[in-house]
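What you see is a predicted model, and the numbers here were worked out from it, not measured in a lab.
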Amino acid sequence: MEDYNVEIITAQESETSSKSTESAPLNFAPVKKRSSFTSKIGFVLAAAGSAVGLGNIWRFPYLAAKYGGGIFILTYIILAVTFGFVLMIAEIAIGRKTGVSAINAFKKLNRKWGFLGVLCAIIPIIILPYYSVIGGWVGKYFVTFLSGAGAQAATDGFFNAFITSPWQPLVFFAAFVTVVFVIVLFGVEKGVEKTSKFLMPALVILTIGVTIYTLTMPGSAEGVKYYFLPDFSKFSIKTLLGALGQLFYSMSLAMGIMITYGSYMKKDNRIESSVHQIEIFDTGIALLAGLMIVPVSYVFSGGSPETLGQGPGLMFVSLPKVFATFGPVGGGILGGLFFALVLFAALTSAISLMETVISIVMDKFKLSRRKSCLITYIGTLLLGIPSALGFGVLSKVSIGGMTILDMFDFLSNSVLMPVAAFLTCIFIGYVIKCRTITDEIELNGKFAMKKFFNVMVKYICPLGIAAILITAILDVAGVLAF
Ligand code: TRP
């Protein structure tokens, strides 16, 4: 699925190195050695490959469970086809038009707006460390199942004992980051991506299989109802902000990633239909993962609010119980396979994230790739430590009931990404004007949703995002009680 990424990485390097030798920082002469996706399907697969990761499998299901089930799904889908569509179109078009990655793209379009590129660049720097902490959790479950202790993982308290341990989350986190670092340092992403071409479809098939199995378990019907039927009384500003942040996170929006992808897209590929395909793919996998995980809470605990609302641990607590029903051997193999595949999905996303951060470090500090790798590695390790320990040793540190990991997650997904998305809309609607984007899209064919795009970018998206953000911040600050 990510087999086109290597091309991206190589090209990104050449872009960066040619940049660093330029004397005038605002000289955006076209980069000579820039490669591009050879086909539209190549572009779609690469973008979808980066989009599908823990966001779909780990984050979406727990948010859906926590924020009211069906009402969250409905909100998410509405936001995906409106805000998500508009932003993804805009980012890919900006990338294809400017031919450079986010940190320079905004500056190239308007000198004063370079700061927006910087804001976008900060976001992956915040995400990578805590993403790797969760990657470490997946690693722990993989090792547990592999060593034949899968049945233990299904017991109550196993997950809690793990994340509250003073050293375990740290060791697994450090191991995960180190693997990502070694892959990136030695430039062997190509091998990983080739393998992911087989393993990602395998993950989808296994997920479908496990979903069908859990749906036959007694009690799951209630869970499916909760998951799909919207209960409007459960709607709140948190549902809205949660869905919005998840949308940005899952589709890798509002952090410059899609700008970079767009910069490698050929002028004769159609942006509009590519965006539809990426959205359908990403949302489809998220919905499926949720269907596999959420109803399980009804099978084993009758859908108690504590289970549904437990947050980041949901996948780790519920799935081992399903695997355990296959007995020690069958359950061990199934669980081992499942967590191996999820670990792989997490690795591929973490590799892209680390590559992004490395190119930011190279660009900003004009350092060699090797040095930038090392700095990114050490920085990620240091930044991740508080998140890794936030459930145990540092569990006293919390703001508004959020653990440290939740705080980083909230800061990036619910604060910085909406701000970046809001500013991107203002930038397009009022600074460079919608036409700059729509003309780029119309380079090859009609832009069917042009009117919709214009109205959304100029009015609905910025107003909507601002309203959601302000209300939610007031809510978190406890100024307003909802
Ligand atoms: N979208 C990815 C997921 O669902 C996470 C992610 C966010 C990401 N930003 C990224 C992955 C940048 C690669 C590159 O898990």
Side-chain angles (χ1 to χ4, degrees), residues 54 56-77 137-138 141-142 144-145 148-163 202-235 239 283-342:
L54 290 177
N56 308 64
I57 303 158
W58 155 75
R59 204 170 183 276
F60 183 88
Y62 93 67
L63 288 183
K66 189 168 163 183
Y67 293 128
I71 188 68
F72 179 84
I73 308 275
L74 182 68
T75 313
Y76 185 86
I77 292 176
W137 293 3
V138 178
Y141 273 69
F142 170 59
T144 306
F145 276 92
Q152 240 171 295
T155 54
D156 289 331
F158 178 86
F159 177 73
N160 222 23
F162 164 59
I163 57 164
L203 176 62
V204 176
I205 293 169
L206 187 63
T207 306
I208 294 176
V210 175
T211 308
I212 293 174
Y213 175 72
T214 58
L215 294 187
T216 62
M217 293 171 108
S220 69
E222 273 304 299
V224 175
K225 248 197 236 157
Y226 176 75
Y227 186 64
F228 280 126
L229 286 185
D231 173 353
F232 289 89
S233 69
K234 291 210 169 78
F235 184 80
T239 316
T283 309
I285 300 220
L287 285 175
L288 181 66
L291 190 59
M292 166 176 71
I293 291 170
V294 178
V296 174
S297 310
Y298 278 81
V299 175
F300 293 101
S301 65
S304 69
E306 299 83 59
T307 319
L308 288 174
Q310 66 174 294
L314 187 67
M315 169 175 104
F316 300 95
V317 172
S318 38
L319 284 182
K321 292 196 199 307
V322 177
F323 300 140
T325 61
F326 285 88
V329 180
I333 295 173
L334 199 61
L337 188 63
F338 179 81
F339 282 106
L341 294 174
V342 176

For the residue pair [X] and [Y], establish whether any side-chain heavy-atom pair is separated by less than 4.5 Å.
X: K321; Y: D156; value: yes
X: F316; Y: F339; value: yes
X: T214; Y: V299; value: no
X: L308; Y: K66; value: no
X: V317; Y: Q310; value: yes
X: I333; Y: F338; value: no

Partner residues of [X] under the side chain to side chain contact (heavy atoms under 4.5 Å, CB included) criterion, sequence neighbours left out:
X: F228; value: V224, L291
X: D231; value: S233, K234
X: I208; value: V204, I212, L288
X: S304; value: S301, E306, T307

query: With a 6.0 Å cut-off on ring centres, are Y62 and W58 close enough?
result: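 Ring-ring flag for Y62/W58: true, centres closer than 6.0 Å.
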
Pair Y141 and F158, ring centroids less than 6.0 Å apart: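 Centroid separation for Y141 and F158: below 6.0 Å.
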
field: Approximate separation, where rounding is to 0.5 Å, of I293 CD1 and L319 CG
entry: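 The distance works out to 4.5 Å.
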
message: Once ring pair (Phe, Tyr, Trp, His ring centres under 6.0 Å) is applied, do any residues pair with F72, and if so which ones, sequence neighbours excluded?
response: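 Listed in chain order: F60.
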
message: Applying ring pair (Phe, Tyr, Trp, His ring centres under 6.0 Å), can you list everything that pairs with Y298, at least two apart in sequence or on another chain?
response: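 Y298 satisfies ring pair (Phe, Tyr, Trp, His ring centres under 6.0 Å) with Y226 once adjacent residues are dropped.
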
query: With no hydrogens and no angle check, do the side chains of T283 and Y76 hold a donor and an acceptor under 3.5 Å apart?
result: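 No, because no side-chain N or O of T283 sits under 3.5 Å from a partner of the opposite role on Y76.
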
field: F235 backbone acceptor or donor facing T239 side chain under 3.5 Å
entry: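 No, the answer is negative, given that no donor and acceptor are paired below the 3.5 Å cut-off.
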
